[in-house]
Amino acid sequence: MNDNAHLKRRGIIMVFSFIAVLAIIFTPIFPGTNGHKVNGLNYLDNFFNQLAKGSAYYIEEQMQEAQSYAGTTYSASLVMGSPQQAERVASLLTVNRISANAVGVELDVKGDFADIITIILEDADLMYANVGNVIAAKYDMNELAVLHGWYLVLQAMERDLNQAKKFSQAKFLKKSMSKAVEPAYNFYKVEVKPVKEGMVLLAGALIFYVLYTVWYGFGLLYIFEGMGIKLEH
C-alpha cells in the first residue's frame with residue numbers, strides 16, 4: 001500500500017470515528033432532570049447553565065439599592081404593548097396594593113417607587129430559587145407570565161423616566177431588568193452548581209472539545225493528502 005492510500009485510509013477512519021462519536025453525543029443516554037435521559041448537548045448545556053447561574057445572582061444588591069429610593073412617589077401613565085399587557089400588569093400591581101388602572105394600552109400607576117421595585121425583585125428572587133409555585137399561587141397566573149409582566153412594566157417605566165430625564169432611576173431599572181428579572185426568568189428551574197464542584201467535568205469537556213475538533217481536522221487533512229491534494233498556508 002503506497003503512502004497516499006495509507007493516508008487516505010487513516011483519514012477515512014478518523015472521520016468515521018468522529019461521526020460515530022457525534023452520533024453518541026446526539027443520543028439521549030445522559031442523565032437529565034427528573035430521571036429523564038437527554039443527549040450530550042442538552043446535558044452540557046444544562047451543566048454550563050448550572051455553573052453560570054451560581055455567578056449571576058445580583059438580586060440582593062438590587063434590593064439594597066431600591067431602598068435608597070424609599071419615600072419617592074412614582075406616578076405615571078405608561079404605554080404598554082397591548083391592552084392585554086396593560087391588564088395583566090395592572091392585576092399584578094393591584095395584588096400588591098399598588099394603585100394601577102388599565103385603559104386600552106395605557107396603564108396608570110401610582111405608588112412608592114421603592115415598594116414597586118422591591119415587589120418585583122422579591123418575585124424575581126423566588127423564581128431564581130426555583131419556587132415559582134409560590135408566585136403562581138399568589139397571582140393565579142403562570143409564574144413565567146408573571147415575571148414577563150414585571151419585565152414589561154420595568155421596560156415601560158424606564159422609557160418614562162428617561163423621557164422625564166430622571167436618568168438615575170432609569171439606569172437602576174435597566175440594571176434590575178438585566179441583573180434580576182432576566183436571569184431569574186432564563187435560569188428558572190436550573191439548579192445551581194458551584195464551579196469547584198464541576199471542575200473535573202468542565203476541564204474534561206474543554207479538553208474533549210479541543211481534541212475532538214483537531215481529530216476531525218486531521219482526518220480531513222489525511223483524506224485530501226491521500227487524494228494528492230496538498231493543503232498549504
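As a basis for the values below, the full set of heavy atoms in this structure was taken, side chains included, without hydrogen atoms, waters or symmetry mates.
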Does one hydrophobic cluster hold both [X] and [Y], with members joined at side-chain heavy-atom distances below 4.5 Å?
X: Val109; Y: Val103; result: no
X: Leu220; Y: Val21; result: yes
X: Val190; Y: Phe47; result: no
X: Leu7; Y: Phe224; result: yes
X: Val105; Y: Val89; result: no

Taking the side chain as everything from C-beta on, heavy atoms only, tell me whether [X] gets closer than 4.5 Å to [Y].
X: Arg159; Y: Gln155; result: yes
X: Tyr58; Y: Pro183; result: no
X: Thr118; Y: Gln67; result: yes
X: Leu144; Y: Met127; result: yes
X: Phe218; Y: Met14; result: yes
X: Leu92; Y: Tyr139; result: yes
X: Val181; Y: Ser176; result: no
X: Met80; Y: Glu106; result: no

For the [atom1] atom of [X] and the [atom2] atom of [Y], what is their distance to the nearest 0.5 Å?
X: Asn49; Y: Leu44; atom1: CG; atom2: CG; result: 11.0 Å
X: Ile116; Y: Leu154; atom1: CD1; atom2: CG; result: 10.0 Å
X: Asn130; Y: Lys189; atom1: CG; atom2: NZ; result: 8.5 Å
X: Ser17; Y: Leu22; atom1: OG; atom2: CG; result: 11.0 Å
X: Leu152; Y: Met157; atom1: CG; atom2: CE; result: 13.0 Å
X: Ile59; Y: Leu121; atom1: CD1; atom2: CG; result: 7.0 Å

Considering all heavy atoms of both residues, which atom of [X] and which atom of [Y] are nearest to each other, and what is their separation?
X: Ile12; Y: Ile223; answer: N-CG1, 3.6 Å
X: Ala90; Y: Ala102; answer: CB-CB, 4.1 Å
X: Lys110; Y: Ile98; answer: O-CG2, 3.8 Å
X: Leu107; Y: Ala100; answer: CD1-CB, 4.2 Å
X: Phe187; Y: Ala56; answer: CE1-CB, 4.0 Å
X: Gly71; Y: Asp112; answer: N-OD2, 2.8 Å

Practice task
Apply side-chain hydrogen bond (donor to acceptor under 3.5 Å, both in side chains) to Lys138 and Asn96, showing your working.
Solution key: CA-CA 10 Å; Lys138 177 180 179 181; Asn96 291 285; 2.8 Å; yes
Practice task
Kindly write out the residues that satisfy side chain to side chain donor-acceptor pair (under 3.5 Å) with Glu65, not counting sequence neighbours, or none if the list is empty.
Solution key: Lys175
Handout entry: Contacts of type side chain to side chain donor-acceptor pair (under 3.5 Å), residue Asp125, not counting sequence neighbours
Key = Tyr57
Handout entry: Tyr128 six-ring centre to Lys53 NZ/CZ under 6.0 Å and within 45° of normal
Key = yes
Handout entry: Candidate pair Phe113 and Leu161, rule side-chain contact (heavy atoms from CB on, under 4.5 Å), full reasoning
Key = CA-CA 12 Å; Phe113 184 79; Leu161 290 168; 4.0 Å; yes
Keeping the roles fixed (side chain from [X], backbone from [Y]), state whether a donor-acceptor pair exists under 3.5 Å.
X: Ser82; Y: Gln85; answer: yes
X: Arg10; Y: Ala5; answer: no
X: Asn39; Y: Ile29; answer: no

Give the table of side-chain donor-acceptor pairs shorter than 3.5 Å for residues 162-172, with sequence neighbours excluded, one pair per line with atom names and distance.
from	atom 1	to	atom 2	distance (Å)
Asn162	ND2	Glu158	O	3.3
Ser168	OG	Tyr69	OH	3.1

Check residues 198-211 and write down every donor-acceptor pair under 3.5 Å in which the side-chain atom is one partner and the other belongs to a residue at least two apart or another chain.
none

Exercise for the section: Evaluate side-chain contact (heavy atoms from CB on, under 4.5 Å) for Tyr222 paired with His6, printing each intermediate quantity in order. Expected result: CA-CA 9 Å; Tyr222 291 145; His6 179 72; over 6 Å; no
Exercise for the section: Decide side-chain contact (heavy atoms from CB on, under 4.5 Å) for Asp45 and Leu41; before the verdict, give the C-alpha distance in whole Å, the side-chain angles of both, and the deciding distance to 0.1 Å. Expected result: CA-CA 6 Å; Asp45 182 60; Leu41 290 182; over 6 Å; no
Practice task
Might you confirm whether atom CG of Asn133 has over 12 heavy atoms from other residues, nucleotides or ligands at distances under 6.0 Å?
Solution key: yes
Practice task
Not counting sequence neighbours, list each pair that qualifies as a side chain to side chain donor-acceptor pair (under 3.5 Å) and has a residue in residues 142-153.
Solution key: Arg88-His148, Asp123-Trp150, Glu143-Tyr188, Tyr151-Glu182
Exercise for the section: With side-chain contact (heavy atoms from CB on, under 4.5 Å) as the test, would you mind laying out the steps for Ile120 and Val153 before giving the verdict? Expected result: CA-CA 10 Å; Ile120 296 173; Val153 75; 3.9 Å; yes
Handout entry: By ring-ring contact (aromatic ring centres under 6.0 Å, His included) - contacts of Tyr216 (at least two apart)
Key = Phe18
